[in-house]
Amino acid sequence: MSETVITPHVSFHRGELWSAITRDRAAFAGGILVILLVFVALFAPWLAPHDPVRQDLARALLPPGGEYPLGTDEMGRCLLSRVLFGARISLAVGFFVGGLAAILGMFIGLVAGYYGGLLDEVLMRLTDIFMGLPNIVFVLAVVGVLGPGLKHTVLALVVMGWVPFARLVRGSVLSLKEREFVQAARALGFSHWRIMVRHILPHALGPVVVLATLHIPHAILAVAGLSFLGLGVQPPTPEWGAMLNAARSSMRTYPLQMVAPGLMVFLTVLAFNLVGNGLRDALDPRRRSRFTF
Amino acid sequence: MLQVENLRKYFRDGWWGRRLVKAVDGVSFAIEAGSTFGLVGESGAGKSTVGRLVAGLLRPTDGRVLFEGRDIFKANGREAFYLRRKIQIIFQNPEGALNPRMRIGEILAEPLLVHRLVRGRHVRERVGELLAMVGLGPEFYSRYPWEMSGGQNQRVVIARALSLGPSLLVLDEPTSALDVSVQAQVFQLLKQIQNKMRLAYLLISHDLELVSRVAGEVAVLHQGRLVEQGPAASVFSHLCVVYGHK
Amino acid sequence: MSLLVIRELSVDFPLPEGTVYALSGVSLELGEEERLALIGETGSGKSVLAGAILRLLPAQARVRGEIWYRGTNLLALSPEEMRRFRGSEIALVMQNPASALNPVLTGGYQVREAVLRRGRLAKRLAQGKVAELLARVGLPERAASSYPHQLSGGMQQRLLLSLGLALAPRLLIADEPTKGLDWSLRSQIVQLLQDITAGQRAFILITHDLAAARYLAERVAVLYAGQVVEYGLAEDLFSLPRHPYTRGLFASHPARGLKPIPGMAPVLTSLSRGCRFQPRCGQARPVCAREDPPFVEISEGYFVRCHRCFR
């Protein structure tokens with residue numbers, strides 16, 4: 001009998017995921033780009049030719065070449081060094097916000113889906129409220145109340161960010177908790193915590209990883225945007241959004257100052273999106289249907 | 001050993017729960033230690049609900065389930081933990097009942113550790129004994145459920161239930177997902193275990209031939225109520241009249 | 001004259017883990033209006049056989065042998081020619097009605113779709129034909145406007161059967177039509193299968209339900225590990241099974257003793273020489289492990305694949 005078996009909850013066997021990803025060239029390229037960016041961020045102090053914050057007004061707005069491969073900005077700081085160091089903040093923010101939002105949302109979704117009832121009702125109405133708030137308005141409000149700065153921006157992004165994770169995980173948990181092996185675990189007298197963490201959560205993890213990967217560029221863009229508006233990272237810290245803002249005044253005469261950080265933001269976001277989409281496709285059960293007899 | 005008294009379970013269904021479904025409606029029976037009690041009925045008769053109530057997976061709307069004279073739904077703390085161990089349930093689909101991300105060894109060790117029955121290096125030893133008890137060799141220790149046949153998985157499920165030293169196993173259609181020859185193997189194993197450990201079975205099935213072969217006492221469930229109860233032979237001679245079957 | 005003749009049919013699936021030998025050297029014959037039960041357990045190849053007849057196997061399947069249907073070798077047809085045979089000449093009733101029916105279309109729509117295939121019938125007439133088919137399988141009129149999930153398991157099975165009958169095929173193949181049904185539904189479906197096949201068309205029943213096979217089929221083939229091990233008239237086979245596997249299978253049935261066959265069916269990727277049942281066989285002799293047993297006609301029209309029966 002040639003019945004197509006579709007596994008609703010994908011459990012991955014090592015190698016399968018890897019081969020699915022390497023077959024997807026776009027995701028593979030994105031992955032290499034991400035690895036490169038992480039490398040740059042980690043080794044920025046060694047890769048950068050100059051101190052990214054040292055000012056030297058005598059050497060302001062130098063053209064590329066020689067000692068300064070990308071030239072200098074209006075304060076006489078090395079543009080290449082600033083772009084390289086900028087990767088640190090952007091990636092750190094991306095991973096931190098993506099990771100924390102994922103963990104927070106995951107546990108809220110897990111608890112809501114597993115216990116159900118009033119707790120579920122309250123938590124889900126809370127997500128409705130957060131989903132109804134326009135993201136940027138909320139972040140602006142938080143920064144407005146607490147004052148500008150990276151910490152407050154990150155806080156606001158995490159507070160907004162957990163919502164889709166909670167929804168996603170709750171949905172999987174609702175169907176997983178009816179599965180027989182979870183019923184069996186209950187019959188064996190296991191604690192709720194053990195059942196949630198050991199028997200339910202691992203099966204709901206795949207889509208969470210995908211969503212988190214797609215959430216990282218979202219956070220990077222948000223921080224760059226807020227810094228561009230002067231609300232996020234404050235000068236003289238090298239950050240791509242803030243650099244774009246500083247470059248506005250000399251945009252016409254010296255476009256490279258804007259192109260360099262802009263391109264970095266673009267590449268970073270693209271890289272994470274490619275990886276996220278690749279992961280999503282690789283984990284999609286519909287693409288893994290197989291024949292059994 | 002087990003007494004079920006006037007058990008009821010109602011569910012709400014339909015728009016805004018306006019329809020009341022009486023899945024189990026006043027069921028009473030008793031099971032002796034070391035015996036097999038068959039519960040038969042058509043699909044939707046409420047058999048599985050009774051099984052889940054007895055195993056403590058659902059709370060009844062009304063009625064009591066007494067194990068060695070103690071109400072399993074009133075027990076607290078240590079006593080509840082103990083009763084949990086003593087009544088175990090085995091489901092229809094063995095592959096579904098095993099966590100696909102865990103190896104057989106881990107699956108069998110987990111209940112031992114949770115209930116603190118065995119410690120440290122003795123765990124592996126005990127798991128080996130359990131595997132041997134259900135006729136599986138030590139090479140299964142590091143396999144995953146999806147690498148094994150349905151019959152082997154059902155043996156693992158049985159071994160896991162046995163690990164807690166139960167007195168009663170609820171068998172909810174334990175072999176209806178298996179081939180006939182594998183079904184016979186599983187029941188041969190269950191019989192051996194019963195003889196050795198004086199286990200009682202509550203066998204839930206729609207297969208009359210199977211129940212009549214295996215069970216001593218039988219009850220017939222119809223729309224949530226027991227319509228017939230007694231020794232297998234006499235109940236089945238009656239049933240032929242009721243259902244006009246064979 | 002024979003409607004269907006299968007000669008030395010072998011099917012294997014080259015998979016990364018190794019080649020699965022799903023069927024090896026299957027030869028069967030089916031007369032016009034004859035009914036055959038294929039009995040076998042998981043992995044015996046009985047469903048693959050149905051897939052091979054209809055050429056509905058996955059693309060990687062390697063099929064060898066011949067399948068003659070009324071003088072045409074089905075395996076030699078082009079895909080388009082084969083498509084014309086499906087439904088109108090040979091129809092398959094799939095296993096598991098809950099997933100074989102389209103959940104977003106009403107029962108009536110699905111039957112009409114099958115009836116109207118290739119515009120054989122004016123739309124005006126189709127309505128009457130749909131009602132007739134539903135009545136034929138004992139479904140009430142409201143089933144035409146119901147979605148599959150609104151029907152009970154037994155009614156879904158009936159609906160699936162009506163799809164199979166839509167183009168009045170000469171040969172109907174049903175894959176496990178009584179699986180998962182409880183006793184009263186099971187006897188209803190068996191009765192329905194009797195009503196729609198007896199004396200009207202050829203029928204292949206794929207099942208492990210011995211009672212249904214005995215009631216519905218004139219001839220029975222028992223499959224084990226991709227081979228037909230015993231093949232003959234149902235009366236003879238049920239009253240005196242010859243092959244040790246058939247005997248073991250019958251004895252493991254609850255009604256006949258619930259006595260198990262020791263061991264497990266072989267893995268179809270690594271088959272050793274000799275009889276495939278030999279490792280589990282209580283009556284095996286040294287020759288059984290050395291040589292493949294031949295498929296021998298021990299009396300007229302009765303075949304067994306066993307060294308013990310061969311003299």
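Proteins come first, then strands; the chains are lettered A, B, ... in the order of their sequence lines, and each starts at number 1.
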Does some side-chain heavy atom of [Y] sit less than 4.5 Å from a side-chain heavy atom of [X]?
{"X": "C:L101", "Y": "C:Q156", "result": "yes"}
{"X": "C:L249", "Y": "C:H208", "result": "no"}
{"X": "C:Y302", "Y": "C:R219", "result": "no"}

Heavy-atom distance under 4.5 Å to chain C: side chain of [X], backbone, both or neither?
{"X": "B:S149", "value": "side chain"}
{"X": "B:E173", "value": "neither"}
{"X": "B:V214", "value": "side chain"}
{"X": "B:S181", "value": "both"}

Ring-face cation of C:R280 near C:F277 (centre distance under 6.0 Å, axis angle within 45°)
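Judged by the rule, C:R280 and C:F277 form no cation-pi pair.
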Answer yes or no for C:R276 and C:Y224: cation-pi contact, defined as NZ/CZ to six-membered ring centre under 6.0 Å and angle to ring axis within 45°.
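No, C:R276 does not sit over the ring of C:Y224.
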Contacting region of C:L181 [heavy-atom separation from chain B under 4.5 Å]
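Only the backbone of C:L181 comes within 4.5 Å of chain B.
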Aromatic rings C:F250 and C:F238: how do their planes relate, parallel, tilted or perpendicular, breaks at 30° and 60°?
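Aromatic pair C:F250/C:F238 classed parallel.
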Just say parallel, tilted or perpendicular for the rings of C:H243 and C:Y245, cut-offs at 30° and 60°.
perpendicular
Donor-acceptor pairs under 3.5 Å, side chain of residues 253-270 of chain C to any protein atom, not counting sequence neighbours: which ones?
none

Residues of residues 188-202 of chain B contacting chain C, heavy-atom criterion under 4.5 Å, by residue number:
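If one takes a 4.5 Å heavy-atom cut-off, the residues of residues 188-202 of chain B near chain C are B:Q188.
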